[in-house]
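Chain letters run A, B, ... following the sequence lines, proteins first and then strands; every chain starts at 1. Computed from a predicted structure; not experimentally measured. Only heavy atoms go into these numbers, but all of them, side chains included; no hydrogens, no water, no symmetry mates.
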Amino acid sequence: MLFRRIYQFLIVYCVGILFLLMIKYAFSLSNYVIPGIGGIIEIAGQVAPTYIYDVFNTLSVTILGQLISIIMAFTVGIAGRKSSWIGSFIKVTAYNIQAYPIVALAPIIFILLGDGFLSRLLIASMICYFPLLLSVLGVMAAPVRDIEHFYIVTGRMRWQLEVKIRAFENLSKLVTVIAGSATLAMAGTIVAEFIAADAGIGYGIRIALYQSDLAKIFVALFLIGIVISIYQGMLETIGENIKSKWSISKGDMLL
Amino acid sequence: MLLECHNLNFTYPQTETIVINNLSFSMADSGFKAVFGPSGVGKTSLAKLIANGINSFTGKIKTHGLSTILYSYNLERLPGWASIGNHLSKVTPEGRDGLKTDLIGIFKLEDLMGSRFSQLSMGQQNRINLIRYLLQDFDLLIMDESLANVDEKLRQDIILAIKTLFNDKMFLYISHNLREVSKFCSDILVFSDPKGHKGYSMVKGQDCKSKQDLDKEKLDQTILEIMNAF
């Protein structure tokens with residue numbers, strides 16, 4: 001899973017670079033517009049240590065932001081799973097708010113909180129929170145009648161058991177959504193850094209943009225891609241391990 | 001104990017499809033009763049009406065001495081995160097461990113207690129599901145195809161054992177097996193094919209309580225009666 005993610009990214013990255021180089025040579029563009037391979041490698045040697053630090057800085061905010069949004073999405077999703085008025089209210093509110101582009105709210109967040117760590121964290125968690133919430137709400141609000149029936153008619157159903165049944169039955173979906181939301185959290189953090197932060201790889205890209213240095217941007221994109229691929233691959237591997245441990249213990253034999 | 005339905009009518013919500021049309025019947029005393037008929041004539045809907053699973057009907061359902069009614073069906077599943085033995089222990093009321101062990105033996109599931117539900121065959125899944133219902137407090141247990149995919153010999157052993165162990169309880173057995181309902185049930189409510197316009201009939205079954213307790217001639221007579229009512 002992990003290696004597949006990395007080589008998939010490498011293929012896409014290489015295809016992208018080759019496409020730009022084809023444009024460069026087809027239209028005889030200068031190295032100032034699109035740098036050559038040699039120029040990219042040279043710049044990579046110069047900025048790699050700084051950019052690696054910046055990418056991990058961004059990743060740390062991404063992970064924390066994603067963690068907060070997962071906790072929030074499950075809390076609200078579990079509370080909103082019932083078809084009571086409060087459940088309906090939460091669902092309708094979530095569907096309406098998620099339709100609004102969160103990035104558009106970024107200036108308000110920067111005005112109120114400044115351009116530090118908190119703003120990046122808030123934007124990262126908000127961007128991946130709503131898609132997560134909609135998936136969790138969808139899973140938690142859908143009864144698994146074939147399993148739940150017995151517990152309901154015998155008076156054994158508790159909210160914890162209901163949540164456990166629904167989460168277990170939709171584990172693959174939840175793992176996919178959580179792994180997918182890592183990209184959203186990373187995108188949110190980079191956008192926040194790009195707009196008004198003073199640290200992280202998004203901030204580095206902004207400086208490179210002001211310098212019109214495409215080689216630096218290529219290096220930054222490469223590092224972002226590698227790191228997010230590894231992170232997503234790790235999330236998927238953890239998800240697979242949880243699924244296999246939870247569903248069938250090692251001692252069990254298939255009949 | 002008495003189960004009585006008067007002028008029961010049920011239409012699928014938001015449709016005009018009449019599922020149950022003016023049904024009246026009564027079933028008294030403990031033992032095995034049956035609902036028999038082709039697919040889609042409303043057997044499961046009737047079961048759900050009786051078990052309070054559906055409220056949008058007209059007519060009356062009277063239950064005397066049947067305070068706890070449970071409805072079980074053959075597509076039910078146990079959660080997959082633990083073994084079936086573990087699940088069974090968690091839903092066994094206090095003081096019924098002996099009954100649980102007996103039922104596991106009768107249903108021939110001793111060797112499977114460490115397995116997960118998804119690892120069982122369909123017949124095994126239905127048997128383990130039925131055991132957990134039998135361990136609960138109930139006066140009437142509705143068994144909607146609860147022994148589907150179980151081989152005939154074992155099904156017979158299970159029904160006879162249930163009749164012995166739970167002789168003070170009422171069972172409403174929904175099945176497509178004509179011979180089985182004729183042989184083991186005392187009252188059989190027959191739903192006819194809607195195209196035949198015969199409605200509903202009540203037929204007396206043989207109510208066998210042991211393997212020897214069977215008059216083949218009478219059984220054939222019951223089968224014929226049901227076929228005529230079908």
- Supply the atom-to-atom distance Ile165(A) CD1 to Leu78(B) CG, rounded to the nearest 0.5 angstrom. 9.5 Å
- Of all heavy-atom pairs linking Tyr151(A) and Pro79(B), the shortest is OH-CD, 3.5 Å
- Query: With no hydrogens and no angle check, is any side-chain donor or acceptor of His149(A) less than 3.5 Å from a backbone partner on Tyr71(B)?
  - Reply: yes
- Item | Heavy-atom neighbours of Met202(B) CE exceed 12 at 6.0 Å | yes
- Heavy-atom closest contact (Val153(A) atom, Leu70(B) atom, distance): O-CD2, 3.7 Å
- More than 12 heavy atoms of other groups within 6.0 Å of Arg179(B) CZ: no
- Query: Above 12 or not: heavy atoms from other molecules or residues under 6.0 Å from OH of Tyr203(A)?
  - Reply: no
- Interatomic spacing from CD in Glu76(B) to CZ in Phe150(A) - rounded to 0.5 Å: 8.5 Å
- Message: Please check if the number of heavy atoms outside Met234(A) that lie under 6.0 Å from its CE is greater than 12.
- Response: no
- Closest non-hydrogen atom pair, Gln136(B) against Thr154(A): CG-CG2, 3.8 Å
- Message: Counting C-beta onward and ignoring hydrogens, is there a side-chain heavy-atom pair between Val91(B) and Arg156(A) closer than 4.5 Å?
- Response: yes
- Query: Side chain, backbone, both or neither: which part of Phe117(B) has a non-hydrogen atom closer than 4.5 Å to chain A?
  - Reply: neither
- Message: Take a 6.0 Å sphere around CD of Glu152(B) and say whether it holds more than 12 heavy atoms from other residues, nucleotides or ligands.
- Response: no
- At a heavy-atom separation under 4.5 Å, does Glu169(A) approach chain B through its side chain, its backbone, both, or neither? side chain
- Residue pair Val144(A) / Arg77(B): nearest heavy atoms and the distance that separates them: CG1-NH2, 3.4 Å
